[in-house]
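Since the structure comes first, as structure tokens, the remarks are kept for the end.
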Amino acid sequence: MALMACRTKVSRVLNSSLIEKTGFLRTGTSVNGFSGRILDDPCRRIGHFRCYSSFSAAVASNEPRLGLGGFEVLGLKDYYEYRKSLYGEITHKALLVDAVGTLLVPSQPMAEIYRKIGEKYGVEYSETEILNRYRRAYSQPWGKSRLRYVNDGRPFWQYIVSSSTGCSDSQYFEELYHYYTTEEAWHLCDPDAERVFMSLRKAGVKLAVVSNFDTRLRPVLQALNCDDWFDAMAVSAEVEAEKPNPTIFLKACELLGVTPEEAVHVGDDRRNDIWGARDAGCDAWLWGSDVHSFKEVAQRIGVQV
């Protein structure tokens, strides 16, 4: 019990603000997408410390890792080794993956599809106008429910489509809605994803998708032949919680049979993916900043592909 409490505390401390002895009060240079904050102590009582907002950002720094009073509490390289000693040469027992923007992306720009399909239904807005109207509509509070994606998400998407295009034709909406369940609409971000995920699973790492999406996500992943890559899926429309709510991350961990401290989440949205995962107690890496491919993710976990 004491060991578990210690592991939990160490993980949360390193996830929130990793401290290094250094200079004065200012915002430091971004390291792997996160800013180092320099905390000044004008009275010189405890020295100077740099706080990184991510474990992975601090890993990128080569400066000495010192704790309060100049004592080395736990070097980050040592921390990696510590985690590997717990989990058998891997740093995490589970990998949680965001869907749209990380695992997969639309094959064509949204505004282009809205315009092309909409032409026969009288849509006259340009792609720029559609995009601007879409962004405006999407940023507005959704008053019909505390969740955007309830079940199949149709009410929310009807609102978005009509607001973006000025067209409320039900046939137009259904054609557009169905298009985004097909293989044609999506492609995988990383062509090596399958090979990497198979290597991770072979090494004993459990995999789950964690996504703000409606119930079409499962058919989409089936269409892309990647649904069987994962041991579990936590879809917001199914678990009734949307990122950054920690509940959806906790549900994914529950489905995988791991604790949050044993999991790392990878996603492309700092608020929804990084802050949300950390609030749940998971480690988190920002896609496109901390990591740029699933091979890099696997290497960080300690699995060679």
Side-chain angles (χ1 to χ4, degrees), residues 96-118 121 123 125 127 130-189 208-227 230 232-252 255 265 267-269 271-273 276-277 287:
L96 314 181
V97 180
D98 167 52
V100 180
T102 305
L103 177 64
L104 52 92
V105 290
S107 296
Q108 301 294 331
M110 173 277 302
E112 179 181 330
I113 297 300
Y114 277 36
R115 181 189 60 78
K116 282 184 176 179
I117 295 178
Y121 296 99
V123 172
Y125 290 138
E127 291 176 20
I130 290 172
L131 180 59
N132 289 337
R133 291 169 66 94
Y134 177 96
R135 288 172 172 167
R136 190 159 52 246
Y138 202 90
S139 67
Q140 298 302 310
W142 175 238
K144 300 289 180 71
S145 166
R146 65 185 178 85
L147 301 174
R148 295 175 186 266
Y149 312 119
V150 177
N151 296 323
D152 61 12
R154 269 186 165 81
F156 174 71
W157 287 115
Q158 285 172 334
Y159 159 71
I160 292 295
V161 170
S162 62
S163 297
S164 302
T165 64
C167 180
S168 300
D169 189 301
S170 61
Q171 287 184 304
Y172 169 49
F173 170 75
E174 289 299 329
E175 184 174 345
L176 196 58
Y177 183 88
H178 175 71
Y179 168 80
Y180 281 105
T181 65
T182 65
E183 179 184 1
E184 180 185 359
W186 307 93
H187 68 269
L188 297 172
C189 287
V209 171
V210 180
S211 177
N212 287 351
F213 213 109
D214 54 59
T215 51
R216 289 176 296 173
L217 181 58
R218 291 180 186 272
V220 166
L221 297 184
Q222 288 171 2
L224 294 172
N225 298 314
C226 63
D227 58 309
F230 302 95
M233 292 187 197
V235 184
S236 63
E238 298 174 355
V239 305
E240 299 183 347
E242 293 178 357
K243 298 181 293 184
N245 188 332
T247 299
I248 191 169
F249 298 98
L250 295 175
K251 183 62 177 180
L255 291 171
H265 176 72
D268 69 313
D269 188 290
R271 175 178 178 270
N272 286 345
D273 293 306
W287 182 262

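Predicted model only: the values in this text are computed from it and were never measured.
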### Message
Tell me whether Arg154 at atom CZ has more than 12 heavy atoms from other residues, nucleotides or ligands lying less than 6.0 Å away.
### Response
yes
#### Entry: Results of ring-ring contact (aromatic ring centres under 6.0 Å, His included) for Tyr179 - residues two or more places apart only
none
### Message
Distance check, rounded to the nearest 0.5 Å: Leu131 atom CG versus Arg136 atom CZ?
### Response
10.5 Å
### Query
Please walk me through it: do Leu176 and Trp157 pass side-chain contact (heavy atoms from CB on, under 4.5 Å)?
CA-CA 10 Å; Leu176 196 58; Trp157 287 115; over 6 Å; no
### Query
Is any side-chain heavy atom of Leu188 less than 4.5 Å from a side-chain heavy atom of Cys226?
yes
### Message
Checking Lys243 now: which residues fulfil salt bridge (charged side-chain N to carboxylate O under 4.0 Å, His left out) with it, not counting sequence neighbours?
### Response
Asp98, Asp273
### Task
Report yes if some heavy atom in the side chain of Tyr180 is under 4.5 Å from a heavy atom in the side chain of Ile113; otherwise report no.
yes
### Task
Mind checking side chain to side chain contact (heavy atoms under 4.5 Å, CB included) for Ala137 and listing every partner two or more places apart, or none if nothing turns up?
Tyr159, Ile160, Ser163
### Message
If the condition is side chain to side chain donor-acceptor pair (under 3.5 Å), which residues does Tyr177 pass it with, not counting sequence neighbours?
### Response
none
### Query
When you look at CD of Gln158, are more than 12 heavy atoms from neighbouring residues, nucleotides or ligands closer to it than 6.0 Å?
yes
### Query
Can you list the residues that meet the side chain to side chain contact (heavy atoms under 4.5 Å, CB included) rule with Val235, with sequence neighbours excluded?
Phe213, Leu217, Met233, Glu238
### Task
Examine distances only and state if a side-chain atom of Thr102 and a backbone atom of Ala99 form a donor-acceptor pair shorter than 3.5 Å.
no
### Query
Can you tell if the side chain of Tyr149 reaches within under 4.5 Å of the side chain of Glu240, non-hydrogen atoms only?
no
### Task
Go through the structure and list residues passing side chain to side chain contact (heavy atoms under 4.5 Å, CB included) with Asn245, not counting sequence neighbours.
Ala241, Thr247
### Task
Quick one: list whatever passes salt bridge (charged side-chain N to carboxylate O under 4.0 Å, His left out) with Asp169, sequence neighbours left out.
none
### Message
Can you list everything that forms a side chain to side chain donor-acceptor pair (under 3.5 Å) with Asn212? Sequence neighbours excluded, please.
### Response
none
### Minimum-distance pair of heavy atoms, taken over all atoms of Ala252 and Leu96
CB-CD2, 4.1 Å
### Message
Is there a side-chain contact (heavy atoms from CB on, under 4.5 Å) between Cys189 and Leu103? Walk through the geometry before answering.
### Response
CA-CA 6 Å; Cys189 287; Leu103 177 64; over 6 Å; no
### Query
Which pair of heavy atoms, one from Asp214 and one from Asn151, lies closest together, and at what distance?
CB-O, 3.4 Å
### Message
Looking at every heavy atom in both Ser211 and Ile248, which two are closest together, and how far apart are they?
### Response
O-CD1, 3.8 Å
### Message
Considering only residues two or more places apart or on different chains, which pairs with a residue in residues 105-117 satisfy side-chain hydrogen bond (donor to acceptor under 3.5 Å, both in side chains)?
### Response
Ser107-His187, Glu112-Lys116, Arg115-Glu119, Arg115-Glu127
### Summary
Correct closest heavy-atom pair for Trp186 and Leu224 would be O-CD2, 3.7 Å
### Message
Pair Thr182, Val220 - check side-chain contact (heavy atoms from CB on, under 4.5 Å), show working.
### Response
CA-CA 6 Å; Thr182 65; Val220 166; over 6 Å; no
### Query
So, for Asn272 and Phe249, which heavy atoms are closest and what is the spacing to 0.1 Å?
O-CZ, 3.5 Å
### Task
Mind checking side chain to side chain contact (heavy atoms under 4.5 Å, CB included) for Val123 and listing every partner two or more places apart, or none if nothing turns up?
Ile130, Thr165, Cys167, Tyr172
### Task
For Glu174, look at atom CD and say whether over 12 heavy atoms of other residues, nucleotides or ligands are found less than 6.0 Å away.
yes
### Message
Phe173 vs Tyr121, test: ring-ring contact (aromatic ring centres under 6.0 Å, His included). Steps then yes/no.
### Response
CA-CA 10 Å; Phe173 170 75; Tyr121 296 99; over 10 Å; no
### Query
How long is the gap from CG on Leu147 to CD on Glu242, to the nearest 0.5 Å?
5.0 Å
#### Entry: Contacts of Arg148 that satisfy side chain to side chain donor-acceptor pair (under 3.5 Å) - sequence neighbours left out
none
### Query
How close do Ser164 and Tyr134 get, heavy atom to heavy atom, and via which atoms?
OG-CA, 3.2 Å
### Distance (rounded to the nearest 0.5 Å) between Met110 CE and Arg135 CZ
7.5 Å
### Non-neighbouring partners of Asp269 that pass side chain to side chain donor-acceptor pair (under 3.5 Å), sequence neighbours left out
none
### Message
In the structure I gave you, are the side-chain heavy atoms of Val210 and Val97 within less than 4.5 Å of one another anywhere?
### Response
no
